[in-house]
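Ligands are counted one by one from 1 in listed order, and the atoms in each one are counted from 1 as well. Since we're looking at a predicted model, the values are computed, not measured. One is the number of the first residue; the rest follow in order along the sequence.
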Amino acid sequence: MINYDEETKIFHLNTPHTSYCMTVVDDSYIAHLYYGERITRSNLNYLLRLHEYVFPPSERPDEKAGFFDRLPAEYPVEGGGDFREACLGVRNDRGLISPELFFTGWKIHKKKKKLPGLPQTFGENAQTLELSFRDSVSGLVVYLIYTVFEDADVLVRNAVIRNESGNALYLTRALTACLSLPAGKGKTLTFGGAWAREHLPVWREAGYGGTVSESRRGAPGHGGQPFMGFCYDQGGLFGMHMLYSGSYLAKLEQDSFGDYRMVLGIHPDTFSWKLEEGEVFHTPEAVLFYTPDGTAGMTHILHDFYRAHLIRGFGKQRPVLINNWEATYFDFDEERLLSIAREAAELGIDTFVVDDGWFGRGRMEPSGDLGDWIPSKKKMPGGLKAFSLKLRALGIRLGLWFEPEMVSEESELFRAHPDWVLHQEGRIPAKCRDQWILDLANPQVRDYLTDSIAFAIREGAATYIKWDMNRMLSEAGSPFLPPCRQGEIWHRHVLGVYEIQERLLEMFPDLIIENCASGGARFDPGMLYYSPQIWCSDNMDPVDRIRIHEGTAMLYPLSTIGSHVSKSPNDITGRVTSFKTRSITGMFGSFGYELDITRLASAEKHDISRQINLYRRLRPMIFEGDYYCLVPIGENGRYQAYEVLSKERDEGFVVFFQNLVEPNGRGVRLCLKGLANDCDYEIGGRIYSGDALLKAGYIVPYVKQDFYAEIIEFKAVSSKNRF
Ligand code: DGJ
């Protein structure tokens, strides 16, 4: 998979269908040569073209400034002659340093090394290339780590930075990866959006000035995704996706010749890190991929890779949930919850998630109690244990909501530890949703949170927790860290979240953590290492939700998308939609309900049982199969269609969603994807050849109904009775 050709000095990193090649320049630097379809054993050094100078006043390409500005560096540094976006910046006590990284050696390991304290990909059949660099002036030692897996068309990389200067050094930027791509017309793919409108794919013409996607919020945010994709008009999509849940910078820029540099990493605007002599900093990992098959290829590569090599909890039994948030908001007591739970048990629901408001003094609005993770006497008089036993008697398990990173001014925790709140000295920190942020750099805070959450889990024998985060970081001053380390809090906050979740999983290996951040503000590959499913939006209106799923599923397996059926009219949009439509759009992920089922008519309750049975039957395909976006939103403005196909290609289903009826319209022809050409499939009692469904399509009958959804199931049959 990885080899080094001594003669050409080229490193080849091969995956089943791709090659990533780098070369040694002047025995001192590592330059990128090629990424794309697999090429083996060719001398690609002619691709470097370093003799072509770009800056007219200097006609000598060997002059250092011009050289660096042309070099397709694997890990560019700031302050030298490379004026493009850099990955590494460092400063020492005497001021700014322009580091220069000299290549010192390489090693190939048979495995992937563990990354301390960070989410990481894993897998047995892997090889890792370690490139080492040293800058004797600054005292920095850098390792670039690249891993390839036998069964995946991706490359995982990160950087490890060590201080061997004898004195303290300050990293001012430490991005994860850089990718050089040759000139050519194309578009960047990033993700945008807002609360209740998350994960919108954004395509932009690439060109001078570049494309940036970034967050300085301490989480990727509703409108962010630590991702950058670039697709040539002539085909071929390249991308990077970072396993990180904090502020990030993703940038694609074009140089004077039109070549591209893509970088991705922790956002340098909210980052600095003091490295004492001998200390090491690990950047988060990024997943790099290339596919000749555009977004469909990207989706399949990432879905398969994340399921097999990132989501540790992928194989955990996922419950069908009922969550009381939209049923009651804060207004509940134990009897109210049990009335919902009784119905839920009858209908076949597995787990009852008690959302916000069960703790402290039993908050009735978002103004207090965050941090006091003990059950409210008012709302759960017998405590978590008694409540959980009542649920168990009904055959239902308990799930609990927490917002661990936050504290309310009105809380026992704040009264006891005012110094645990992030703030700038002398200023009252800004509130958001009436709450402040805890200083996760402080180990006492992390211990308190781990212990109090673990206690509640134990008391309630909870099998699931929803980990919410309803505000972003501001005035991020840490009372715990010394002045010279204040710039570290943004990253330390993320590390703190990872540490607590890791500790909880060690204590409760079967626990399911569903991450959430006011909906989908922290839906990223980093969280998936801890949390196999993530709440993807507070907006459960099917018209919006199907669009949100479409954007999310471009990158993430359907199993990761926390997805519920809620009420109509919808609380966010006011839109009225049918129960059937809401359930179909909800089924497209990790399924649950979030409405007051005690108020439903008996026909609707009966529907719930049927929906759950259908979901349980489809779940193996939803979780393990291939997902195809057949007709994306916006393609025609009227309908969308998605397909899920088993890996064996012997069964699957299509979700068809019609926004608005076309007057004087007719049925819709849909060409399916991925089916076996030579196999016959049955749909609704008729037999079609795979060939026909792929090329000529299936006709979805005309239906006069707005906001209409339908599931069309198909199954392979023997080739008799071909239609
Ligand atoms: C925001 C989440 O996205 C909701 O699902 C709910 O848990 C509320 N927070 C509770 O405060």
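- In terms of modelled atom types and a separation under 3.5 Å, the side chain of S408 and the main chain of S411 share no donor-acceptor contact.
- For ligand 1, the atoms sitting less than 4.0 Å from at least one non-hydrogen atom of W535 are 3 (O), 5 (O), numbered in the order shown with element in parentheses.
- The distance criterion of under 3.5 Å between nitrogen or oxygen atoms is met by D355 with respect to ligand 1.
- When the heavy-atom distances from atom 1 (C) of ligand 1 to N323, D468, N539 are ranked, the shortest goes to D468.
- For atom 5 (O) of ligand 1, the nearest non-hydrogen atom from the set M469, K466, R363, E403 belongs to K466.
- The aromatic ring centroids of W373 and F359 lie less than 6.0 Å from each other.
- Proximity to C516 (heavy-atom distance under 4.0 Å) selects the following atoms of ligand 1: 2 (C), 3 (O).
- For Y248 and E214, the side-chain atoms include no donor-acceptor pair closer than 3.5 Å.
- Side-chain atoms of N324 never come within 3.5 Å of backbone atoms of A327 as a donor-acceptor pair (strictly under, hydrogens ignored).
- V494 is listed as a side-chain neighbour of Y244, based on a closest heavy-atom distance under 4.5 Å.
- Of the protein's heavy atoms, D356 OD2, 2.6 Å lies nearest to atom 11 (O) of ligand 1.
- Looking at G519 next to ligand 1, an N or O pair under 3.5 Å apart turns up.
- Protein heavy atom at the shortest distance from atom 4 (C) of ligand 1 is D538 OD1, 3.5 Å.
- Counting the atoms of ligand 1 from 1 in the order shown, those under 4.0 Å from a heavy atom of R433 are 10 (C), 11 (O).
- For the ligand labelled ligand 1, residue E594 lies outside the 4.0 Å heavy-atom shell.
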Determine, step by step, whether I546 and Y642 satisfy the side-chain contact (heavy atoms from CB on, under 4.5 Å) criterion, reporting the C-alpha distance in whole Å, the side-chain angles of both residues, the deciding distance to 0.1 Å, and the verdict.
CA-CA 10 Å; I546 194 127; Y642 312 95; 3.4 Å; yes
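- At a cut-off of 3.5 Å, with distance as the only test, no side-chain donor of N515 or Q533 sits close to an acceptor on the other residue.
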